[in-house]
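Down below is the structure, laid out as structure tokens.
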Amino acid sequence: MSMNIENVFIQLKINYSGVIVAVSGGKFAEKEFIIEESIYGICPFLEGILDVLPLKEPFFLEGMVVVSESKEYNVDLELLKNQESINVLIHNRTNVSKYVEQLNEKRKDFFFIKREIIEKNIELDRLRKIADKANEEKSRFLAIMSHEIRNSLNSILGYSEIISSEKLNKNLSEHLKNISLAGKNLKVIVNDVLDLSRIEAGKLELASELISLKEIMRNCKNDVQYLKINKEVNLIFELPKKIPKLILGDPVRINQILTNLISNAIKFTKKGSIKISLKIIYETANEVKIAFEVVDTGRGISKEQCLNVFEEYYQNKLNDSRIFKGAGLGLAIVNRLVKGMNGKVSVKSELGVGASFFVEIPFSKISTLKKHSKSALKNGEVTDLKHLKILVADDDLLNQKMLLHVLKKENATISLVNDGLEALSKIEQETFDLVLLDINMPNMTGEELMLNKKHFIEYNCNTPFLALTANTNPEDIERYLKLGFKEVIFKPYIIHDLLSKIKTILRV
Amino acid sequence: MITKKVIVVGDLGVGKTSLIKRFVLSEFSEDSFYKVAVRVSEKIVAYEDEIIKLIIWNVAGADGYEKIPKNYFLGASAAMIIFDLSRESTYLKIDDSIRIVKELSGFQELVVVGNKTDLLSKKELKNVKKKVSIGIDSFTNAKVGENVSDAFLKLIIQALRK
């Protein structure tokens, strides 16, 4: 039907019974409107209303449907009842109606989508609560397990260190080295798992302190030396001559990023070199963007593997985790940490030639020279522990014995107790030069003991208390320091580091 | 034979067309489509000694009941309001909807029908009954035809009273 005006309406005259008397204009669906036939056939909606139509008042019916030649038309009607007949004007608004219909369809779609979204949101909310709960459980489980593992690791690493200072034959020395290496690997894995779970839970807070890039590179060099046991691989550190002296950042995490990248390179490089370099991408008065590059001559990875290498638990070959140790978390942690610092990390590689990892991080620059943070302080001269009275409280017998051995070697006078309660009764009655307190102990924890300060203030008012703990959460550490601990020492600790810390504190 | 015009109203998707189709043609179609216009169906029924030609107007209430043209009710003898038992939004404000339809139609009473009993367990149905603030005349399931005749019978009885 063309859009001729004649075709969009029809005007009729019907009697009160609905019989068509005349067609007075228009051609819309004209075949359906036959004179002397009932209009109800095509307009069934008129049945039942003609009798009650008001006289001489136009009456409108909008949005009605008529069917002509198997097609449906949307029509509006205007009826005018006279004394003897009724004028009917039928107006086809199908085209208009089509748009309306389409709009209505869309609205209907929105209506259902909206309803679906509401339902899905409710479902998502429910699932999120379940997931949150599961995540909390996971974190709790990880915290407990890591605490237990760290405690045991402390004994393994500590005793290995003690034994290594004894005279040993070559075989035993080799075995001991292996135990120590396995312990250190396990320590890395436990730390990685914990770090990742902390990052996932959004609990990892990055520090913003004054750092020296030179110092970071130097520390990193020291840290990775023990990892490199292959003599055919050279570690090369390159620093540009001009780099900003001090910037704001998290030294521990930057060191971790570099160490993870280097340890990854060491794993996969059998021969050749690993070059660690630092470049300035740009520098303004307040900001500097630094690129760290770790380039190795190892086995390399394919383009596809490059895409996945920063994913958690990703190992390129099935055997990798067995041969190269680790849980495949190192690069995933690098990725998360770099992102947390608003930087980016990327990799380029060619199979059999090597791999290059690039990390770009923007740092704020500090123009005025301030004092280095505590962590940047160098250890003081080692003081002698001879005749110093040290109280050790730890419920773990192995850890107790290890500390006893180490401190006795330093000629200190040691008192050993098994829990916080026993420690309290000791410090209530005599003065110590130093107290080493485990945190998780039966009867009274290290924390609870510190809350009872008034009971031991008489004899140990100035005594430094050191917390020995496998809890490494920043919130925990903050709490321990607030309670009055002078320092927190994490298990597993290196005996040499522990002694250095003790000596520094006693000297201070 | 007498002719009675009746109006069926209800929110979008509550099952008006399905219910009418089930009553008029004894059919049910899963693919409902949505209307912008009024559709009219006819059915001849016998009640007591009367043969009645029912002209059933199917009016969508998606825009809000207050937007239904008052003219639609001219000559009507009764009206049915349908809600979806499985969708709270279609019955939580049903007393408002009923008030509007009563005002438009001038009817004292409407036949109130809760459709889609098949989507609810007995317990859920009980809960819905507690939530709906007005009396429900029929609980129907257009899919299998349950109580559909009963609902329309109530509508016919009301239509005959007028």
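The sequence lines fix the lettering, A, B, ..., with proteins before strands; numbering per chain opens at 1. This is a predicted model, so every value here is computed, not measured.
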Greatest number of heavy atom pairs closer than 4.5 Å to chain B - which of L50(A), D51(A), L53(A), V52(A): V52(A)

Neighbour count above 12 (heavy atom, 6.0 Å) for K120(A) NZ: no

Note: vs chain A, highest number of non-hydrogen pairs under 4.5 angstrom among G75(B), S77(B), S89(B) is G75(B)

Residues, nucleotides or ligands: over 12 heavy atoms within 6.0 Å of E137(A) CD: yes

When you look at NZ of K43(B), are more than 12 heavy atoms from neighbouring residues, nucleotides or ligands closer to it than 6.0 Å? yes

With a 4.5 Å heavy-atom cut-off, do V38(B) and F45(A) have their side chains touching? no

Chain A contact via L74(B) - side chain, backbone, both or neither, heavy atoms under 4.5 Å: both

Check the surroundings of atom CD in Q108(B): do more than 12 heavy atoms from other residues, nucleotides or ligands lie under 6.0 Å from it? no

Under 3.5 Å donor-acceptor pairs involving side-chain atoms of residues 57-68 of chain A, not counting sequence neighbours:
unit_1	atom_1	unit_2	atom_2	d
S68(A)	OG	E32(A)	OE2	3.0

Go through the steps to decide whether R39(B) and E72(A) satisfy the test salt bridge (Lys or Arg N to Asp or Glu O under 4.0 Å), and finish with yes or no. CA-CA 11 Å; R39(B) 275 171 198 279; E72(A) 281 193 343; 2.6 Å; yes

Just how far is it from atom CD1 of I49(A) to atom CZ of F73(B), taken to the nearest 0.5 Å? 13.0 Å

Show every ring-ring contact (aromatic ring centres under 6.0 Å, His included) that has at least one partner inside residues 143-162 of chain B, sequence neighbours left out. F23(B)-F152(B)

One should read off an interatomic distance between L12(B) CG and R107(A) CZ, to the nearest 0.5 angstrom, of 7.5 Å

Portion of K53(B) that has a non-hydrogen atom of chain A nearer than 4.5 angstrom: side chain

